[in-house]
Amino acid sequence: MNREQLSEKIIATCLEMTRLGLNQGTAGNVSVRYKEGMLITPTGTPYDKMTIDSIVYVDSEGHYEQGKLPSSEWHFHLAVYKARQDVNAVVHNHAVNCAAVSILEKSIPAIHYMIAVGGTDHIPCVPYATFGTHQLAEYVYQGIQTSKAILLAHHGLIATEQNLDKALWLAHEVEVLASWYMKLLATGLPIPTLSTEEMAVVLEKFKSYGLRVEE
Ligand SMILES: C[C@H](O)[C@@H](O)[C@@H](O)C(=O)COP(=O)(O)O
Ligand SMILES: [Zn+2]
C-alpha cells in the first residue's frame, strides 16, 4: 500500500477501535511501519476529525514532518518496530478491562487457552512510567519481545501484529480476556489456570491455525 492508502487504513482502524468499544475520546493511537520509520496518528486529535493529511511520518531517529505533531507515544511505537522485525502495525488503547487489569499491576494469566494469542502463556504487564517518556518506551521495548500484546501499568494496552487488521483483532481478543479476568477476580475465588504443558500444546497449534485475519 502507498502512503495515502496506509493513512486511510490507520484512520479506519481508529474508527473501528472506537466502534468496538475499545477506546474513548482522544485516548489511544495507531501506527504502521513505513519506509525507514512509521506513519502514526497525530496527538490529541479525535479520530473522526482525522484526515489522511493529519497522519505523521516519523523516521527511525524520531524526526517528524514540520507542521505536524505525532502521537505523544511515538517513542514506544518506534521501540516496538525496533524490538520486533515481524511486526508492522501497533494499536494502543485504554480499553476498560485492559486498563482495569493494568491498574491492578497484574499480567493476565492462562485463564483460557486463547491467552496464546499474544504468542506466550500470559499477557504481561510492564511497569508504570509517565506517558510519552523514554522510560515507558524502554519498558515497552523489553515487554514486547516476549508477547505481541502487553498491558502498560495504570494505562492500557498495546497490541502489535503483521498488519492493522490483525493488530486490532488482537486488541479486541485481549480486551475479552481482560473482561473475563476482571469478572473472575471479582468473585474472590481462587482462579485456576492452564498448566505450562497445556499452554505449550495450544501455542504449537496456533502456529498453523488458519482462521485468523489474513493479509
Ligand atoms: C494523555 C494521552 O492520552 C496518553 O495517555 C496517550 O498514551 C494516549 O493514549 C493518547 O495520546 P496521543 O493523542 O498523544 O496519541
Ligand atoms: Zn495511552
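For reference, positions follow the sequence shown, starting with 1. In listed order, ligands and their atoms are each counted from 1.
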Non-hydrogen atoms of Y128 and A153 that approach each other most closely: CD1-O, 3.1 Å
Test item: K166 side-chain N/O and A89 main-chain N/O as donor-acceptor pair under 3.5 Å: no
Nearest non-hydrogen protein atom, atom 11 (O) of ligand 1: S72 OG, 3.4 Å
Protein heavy atom at shortest distance from atom 3 (O) of ligand 1: H94 CE1, 4.0 Å
H155: numbered ligand 1 atoms lying under 4.0 Å from its heavy atoms: 5 (O), 7 (O)
S71 neighbourhood, listing ligand 1 atoms whose heavy-atom distance to it stays under 4.0 Å: 12 (P), 14 (O), 15 (O)
Shortest protein contact, atom 7 (O) of ligand 1 (heavy atom only): E73 OE2, 2.5 Å
Considering all heavy atoms, the nearest L78-G62 contact: CD1-N, 3.8 Å
Atoms of ligand 1 close to T26 [distance to a heavy atom under 4.0 angstrom, numbered from 1]: 10 (C), 13 (O)
The Zn ion (ligand 2) to H92: nearest N/O/S atom name: NE2
Ligand 1 versus N29: contacting region, heavy-atom distance under 4.0 Å: side chain
Protein heavy-atom partner closest to atom 4 (C) of ligand 1 - residue, atom, separation in Å: F131 CD1, 3.7 Å
Side-chain heavy atoms of S54 within contact of T41, under 4.5 Å: no
H92/H77 aromatic ring centres below 6.0 Å: no
Among the N, O or S atoms of H155, the one nearest the Zn ion (ligand 2): NE2
Numbered atoms of ligand 1 (with element) below 4.0 Å of G28, judged on heavy atoms: 8 (C), 9 (O), 10 (C), 15 (O)
Whether F206 and Y209 hold their rings parallel, tilted or perpendicular, with breakpoints at 30° and 60°: parallel
Side chain to side chain, I158 and V140, heavy atoms closer than 4.5 Å: yes
Proximal ligand 1 atoms for G44, defined as those under 4.0 Å from one of its heavy atoms: 12 (P), 13 (O), 14 (O)
Proximal candidate to atom 12 (P) of ligand 1 [heavy atom criterion; set T130, T43, L136]: T43
Minimum side-chain heavy-atom gap P109-I191 below 4.5 Å: no
Atom indices of ligand 1, in the order listed, that fall short of 4.0 Å to a heavy atom of H92: 7 (O), 9 (O)
Heavy-atom pair with the smallest gap, counting every atom of I150 and G143: CG2-O, 3.7 Å
